[in-house]
Amino acid sequence: TDTSGGEGAPHQGPVMQRRSYDRLRVLLSVAGLLIAAYLTLLHYDSSVPLVCTAGTFVNCEQVLTSASAFVAGIPVAVLGVVWFAVAVALAALSSRGRRHGEPVWLRAVGLAWVLIGTASVLWLVYQEFGVVGKICAWCTAVHVIILALLVVQVRSDPLPADPPAP
């Protein structure tokens with residue numbers, strides 16, 4: 001099989017591309033989990049310093065202490081930990097399932113999960129801009145990670161399973 005992209009430049013075949021997507025999904029999910037865990041810790045431990053600017057537009061403290069930072073009394077950061085823990089598990093299952101063919105249900109669940117995350121991002125961005133009037137840099141990082149996970153999920157879904165070992 002020719003893996004050159006013309007002029008001697010190699011390009012990734014479907015198997016390597018899929019593995020790259022799998023690794024990227026795991027790494028992005030773990031990064032989001034770490035940020036959500038940090039933001040959760042901030043809610044419950046006042047000795048943990050908030051590393052964020054407190055300017056006129058970017059003000060993490062104002063966002064994280066607003067009423068918009070809670071859903072039914074639960075800090076949004078806690079919900080983020082749960083969301084990213086599931087995302088890590090789905091990415092790991094997907095990565096393992098690729099060797100024998102990722103089950104269709106797993107792809108569907110993965111896509112549904114990132115769509116739920118994306119809808120949450122839209123709601124949270126509205127809360128930051130429309131309700132609080134400030135943004136949180138950490139929250140924005142989480143939003144970007146979730147949107148990146150959506151792109152990776154959509155781009156990797158049509159990739160076939162690894163070929164059987166000889």
Side-chain angles (χ1 to χ4, degrees), residues 12 17-95 97-98 102-159:
Q12 292 183 334
Q17 186 179 15
R18 182 178 41 266
R19 288 182 185 150
S20 296
Y21 282 136
D22 289 342
R23 286 186 199 111
L24 185 56
R25 283 178 57 206
V26 170
L27 288 173
L28 286 168
S29 298
V30 168
L33 181 61
L34 291 172
I35 295 170
Y38 167 67
L39 295 176
T40 297
L41 193 57
L42 284 171
H43 274 287
Y44 295 109
D45 187 349
S46 60
S47 68
V48 175
L50 173 60
V51 181
C52 183
T53 60
T56 56
F57 184 62
V58 177
N59 190 321
C60 294
E61 184 175 4
Q62 193 169 347
V63 172
L64 295 172
T65 58
S66 72
S68 295
F70 297 86
V71 173
I74 302 169
V76 170
V78 171
L79 300 174
V81 167
V82 171
W83 192 90
F84 279 110
V86 172
V88 168
L90 290 171
L93 282 171
S94 177
S95 181
R98 296 271 189 201
E102 184 181 24
V104 174
W105 69 265
L106 184 55
R107 267 187 282 155
V109 170
L111 180 59
W113 196 247
V114 295
L115 289 174
I116 289 168
T118 302
S120 299
V121 164
L122 295 174
W123 180 79
L124 290 167
V125 168
Y126 165 74
Q127 292 298 309
E128 285 182 274
F129 282 104
V131 177
V132 180
K134 308 282 183 198
I135 64 167
C136 166
W138 290 107
C139 303
T140 301
V142 167
H143 301 160
V144 168
I145 289 170
I146 291 172
L147 294 175
L149 282 167
L150 174 65
V151 170
V152 171
Q153 180 74 35
V154 169
R155 288 190 50 86
S156 68
D157 266 351
L159 295 174

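Aromatic ring pairs are classed by plane angle as parallel below 30°, tilted from 30° to 60° and perpendicular above 60°; the pair His43 and Phe70 is perpendicular.
How far CD1 of Ile135 is from CZ of Phe129: 5.0 Å, rounded to the nearest 0.5 Å. In this structure, Gln62 CD and Phe57 CZ are separated by 11.5 Å, a value rounded to the nearest 0.5 Å. To the nearest 0.5 Å, atom CG of residue Leu150 and atom CD1 of residue Ile116 are 12.5 Å apart. If you take CG on Leu93 and CG on Leu106, they are separated by 6.0 Å, rounding to the nearest 0.5 Å. Interatomic distance, CG of Leu50 versus CG of Leu41, reported as 11.5 Å (0.5 Å rounding). We find the OG1-NE2 distance between Thr118 and His143 to be 11.0 Å, quoted to the nearest 0.5 Å.
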Inset, instruction - For Asp22 and Ser94, run side-chain contact (heavy atoms from CB on, under 4.5 Å): C-alpha distance rounded to whole Å, both residues' side-chain angles, the deciding distance at 0.1 Å, then the answer. - result: CA-CA 7 Å; Asp22 289 342; Ser94 177; 3.9 Å; yes
Legend entry - Tyr38/Val51 under side-chain contact (heavy atoms from CB on, under 4.5 Å): CA gap, chis, key distance, verdict: CA-CA 10 Å; Tyr38 167 67; Val51 181; 3.8 Å; yes
Inset, instruction - Check the pair Cys136, Cys52 against disulfide bond (SG atoms under 2.5 Å apart), reporting the backbone distance first and the verdict last. - result: CA-CA 8 Å; Cys136 166; Cys52 183; 5.2 Å; no
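The two residues Ala137 and Cys60 have their closest heavy-atom pair at N-SG, 3.3 Å. The two residues Val76 and Ser68 make their nearest non-hydrogen contact at CG2-O, 3.8 Å. Scanning both residues, Ala91 and Val26, for their nearest heavy atoms gives CB-CG2, 3.7 Å.
For Val152, the side chain to side chain contact (heavy atoms under 4.5 Å, CB included) partners at least two apart in sequence or on another chain are Tyr21, Leu24, Arg25, Leu28. Residues satisfying the side chain to side chain contact (heavy atoms under 4.5 Å, CB included) test with Thr65, not counting sequence neighbours, are Glu61.
Side-chain contact between Ile146 and Trp83 is present, with heavy atoms from C-beta onward closer than 4.5 Å. The side-chain heavy atoms of Val63 and Asn59, taken from C-beta on, include no pair separated by under 4.5 Å. Ile35 is not listed as a side-chain neighbour of Phe84, based on a closest heavy-atom distance of 4.5 Å or more. Residues Leu33 and Val81 are in side-chain contact: their nearest non-hydrogen atoms beyond the backbone lie under 4.5 Å apart.
Judged by distance alone, the side chain of Lys134 and the main-chain N or O of Thr56 form a donor-acceptor pair under 3.5 Å.
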